[in-house]
Peer 1: 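Here's a structure for you.
Quick note: residue numbers are just sequence positions, from 1.
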Amino acid sequence: MALFGRQRDINFVIGVNHELLDNIIEQQVDYYKPYLQDTKSKDTANLYGEASAQKTYHQPVRLTCLIDYQEKIPGEDDQFGIDITRAAVFNFLKPKLEEVVLVPELADIIEYRGQYFEVNDVGEGSFFMGKDRSYSKSVDKDFGRSLSIVCTCNLTRSTRLQITKGRL
């Protein structure tokens, strides 16, 4: 039987991480989820139902996270100028996402400092005590927990998204 890693220890680690993210690091992003019922396609005979005309989004949720920027990479030169690509990794505290009932998925949009990033990959970043109690093959259901969600994203054009900021 393990000495550490029970719910009391997990609550302590989560509390420390909440305080670090919310009161010390304070990197905030706006998280946009697509609103599928109002998304339109310009092709009425669109076989797969992709939204080629207009995507709409729910109101954003403001979250704190850790952000890891990658270097800017100049892309191809087209008729509108040079396109720039940039990757970023957003690390969210999983209990915080559960608190606001948000499940990150592919094609969601994260806005940080006026730049919009599209989610390419979602994964779980770390496990407390190296275990996840929700996984069926865990040794003991009282130990360990998944602590973070990692979203790997790439920079996308804001004109493509049709997201408009309200005036303050």
Peer 1: Could you tell me which non-hydrogen atom of P34 sits nearest to which non-hydrogen atom of D108, and how far apart they are?
Peer 2: CD-OD1, 3.2 Å

Peer 1: Supply the members, apart from L106, of the Ile/Leu/Val/Met/Phe/Trp/Tyr cluster built from side-chain contacts under 4.5 Å; use none for a lone residue.
Peer 2: none

Peer 1: Can you list the steps and then say if E118 with I109 is a side chain to side chain contact (heavy atoms under 4.5 Å, CB included)?
Peer 2: CA-CA 5 Å; E118 186 172 1; I109 301 296; 4.0 Å; yes

Peer 1: Using ring centroids (six-membered ring only for Trp), state whether F90 and F117 fall under 6.0 Å.
Peer 2: yes

Peer 1: According to a hydrophobic-cluster definition based on side-chain heavy atoms being under 4.5 Å apart (Ile, Leu, Val, Met, Phe, Trp, Tyr only), do V13 and V150 belong together?
Peer 2: no

Peer 1: Hey, can you tell me if Y116 and Y32 have their rings parallel, tilted or perpendicular (30° and 60° cut-offs)?
Peer 2: tilted

Peer 1: Can you tell me how far OH of Y69 sits from CD of Q115, rounded to the nearest 0.5 angstrom?
Peer 2: 4.5 Å

Peer 1: Please walk me through it: do L63 and L97 pass side chain to side chain contact (heavy atoms under 4.5 Å, CB included)?
Peer 2: CA-CA 8 Å; L63 299 167; L97 295 177; 3.7 Å; yes

Peer 1: Using every non-hydrogen atom in the two residues, find where Q70 and R86 come nearest and quote the distance to one decimal.
Peer 2: O-NE, 3.2 Å

Peer 1: Within the side chain of T56, is there an N or O that forms a donor-acceptor pair under 3.5 Å with the backbone of Y35?
Peer 2: yes

Peer 1: Identify every side-chain donor-acceptor pair in residues 18-29 under 3.5 Å, counting partners at least two apart or on other chains, and give the distances.
Peer 2:
unit_1, atom_1, unit_2, atom_2, d
D22, OD1, T64, OG1, 2.8
D22, OD2, K96, NZ, 3.1
Q27, OE1, I67, N, 3.1

Peer 1: Is there a side chain to side chain contact (heavy atoms under 4.5 Å, CB included) between K94 and I149? Walk through the geometry before answering.
Peer 2: CA-CA 6 Å; K94 188 174 181 179; I149 298 290; 4.0 Å; yes

Peer 1: Roughly how far, to the nearest 0.5 Å, is the OG1 atom of T156 from the CG atom of N154?
Peer 2: 6.5 Å

Peer 1: Same cluster or not: L155 versus Y112, using hydrophobic residues (I, L, V, M, F, W, Y) connected whenever any side-chain heavy atoms lie under 4.5 Å apart?
Peer 2: yes

Peer 1: Determine whether C153 and N120 satisfy the following criterion, side chain to side chain contact (heavy atoms under 4.5 Å, CB included), listing intermediate values before the conclusion.
Peer 2: CA-CA 5 Å; C153 307; N120 293 331; 5.5 Å; no

Peer 1: Using every non-hydrogen atom in the two residues, find where I14 and L147 come nearest and quote the distance to one decimal.
Peer 2: CG1-CD2, 3.9 Å

Peer 1: Looking only at heavy atoms, what is the nearest atom pair of C151 and F92, with distance?
Peer 2: SG-CE1, 3.9 Å

Peer 1: Nearest 0.5 angstrom please: T152 OG1 to D121 CG, how far?
Peer 2: 5.0 Å

